[in-house]
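The structure under discussion appears below in the form of structure tokens.
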Amino acid sequence: MKKFPSLLAVVPLMVAASATAASTGSLNVEWTSGAPDCAAAAPPPLQVHGYNADTYILRQDPCASFEANFLYLLVGKERALLIDSGDVEDAAAMPLAETVMGLLPVIDDKPMPLLVAHTHGHRDHRRGDVQFESLPGVEVPPVELDALAVYFGFERWPEGEGEIDLGNRVIDVLLAPGHHPAHLVFHDRETGLLFTGDFLLPGRLMVDDAAAYRASAERLANFVRDREITHVLGGHVELDAGGGLYPRGASHHPNERRLELAKEDVLALPGHLASFNGFYASHENYVITNPVRNLMALAALVLVVLGLFGWGVRALLRYRRASR
Ligand SMILES: [Zn+2]
Ligand SMILES: [Zn+2]
């Protein structure tokens, strides 16, 4: 049951680009970056950066969860949107809901209504949902593809677009399967920010469905081409400033690369996906990888090595028998 049926509506594919300039904000912030020994000295679990008066970026410290997700809070005149709820269920370990509710303007003595939506259903982007479950005025849309399509009114998955009206602030909702079958990208018309989750980020672009990823990248490039896009903000940072990847599971991100990517990165993505070898490709601001294929290739290699080893042992035994 939707509490805010009026805020969601399907719009035609060709949306006229906004003629007004995007409002600005600041990304002048040093993100906490975990610690070599989190048990000895961990930074605060959740960092809040005010991008402007009604836009917040929240960062889950790598010690709170190695996923170190970035979450985004957009405040309209009537309601607010939180994009992703992060990887930490326990409010005592990371007080996400309390922090977000504290940032919301008060209307009629209550925090403004809140929609907690997700870029996609991977658990690190929605474990924090439980902290919002019993709070009045908070709605959490489904993450499963069919239910999500119904919720946002997408009739031509994955080609449709939707929008969320927060009250004098409209967020475009775009469909971007490829990393996850029900991945969404959000575009804020007010700030020109594009929120790309795990679809595009300074780190590993993990391909689940290569054809879908490429088609989504082409749709996204077409969407941004004639629009002012101020920054592209993903769900994680997994690269250091020198372009090296942090190991999976790292709770320390020394010398972390900037969070923001640019419109040019969106425009370059279709070409990079078109030339992807299916396993691994390194680019200036991200790597493209297919973990399942890499695992299968590794397994095949192990089988070949074991086979060669077995053949070698049998050959050696035959030689020893023959030479006795
Ligand atoms: Zn993901
Ligand atoms: Zn993720």
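These values consider heavy atoms only, across backbone and side chains, with no hydrogens, waters or symmetry-generated copies. Ligands are counted one by one from 1 in listed order, and the atoms in each one are counted from 1 as well.
- Each of Q131, R126, Q60 was compared with S85 under the side chain to side chain contact (heavy atoms under 4.5 Å, CB included) criterion, and only R126 meets it.
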- Message: Using the rule given for side-chain hydrogen bond (donor to acceptor under 3.5 Å, both in side chains), can you reason through D198 versus H236, listing the C-alpha separation, both sets of side-chain angles and the distance that settles it, and then say yes or no?
- Response: CA-CA 7 Å; D198 285 2; H236 311 267; 3.1 Å; yes
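- Checking D87 against N69 by side-chain atom types alone, no donor-acceptor pair falls below 3.5 Å.
- Below 30°, between 30° and 60°, or above 60°: for F154 and F152 the angle between ring planes is below 30°, a parallel geometry.
- Listed by first and then second residue, the side chain to side chain donor-acceptor pair (under 3.5 Å) pairs that reach into residues 240-256 are R59-E256, H253-E256, sequence neighbours excluded.
- Excluding waters, the protein N/O/S atoms found under 2.8 Å from the Zn ion (ligand 1) are H120 NE2, H122 ND1, H179 NE2, D198 OD2.
- For the side-chain hydrogen bond (donor to acceptor under 3.5 Å, both in side chains) criterion with H122, the lone passing option out of R127, H179, H180 is H179.
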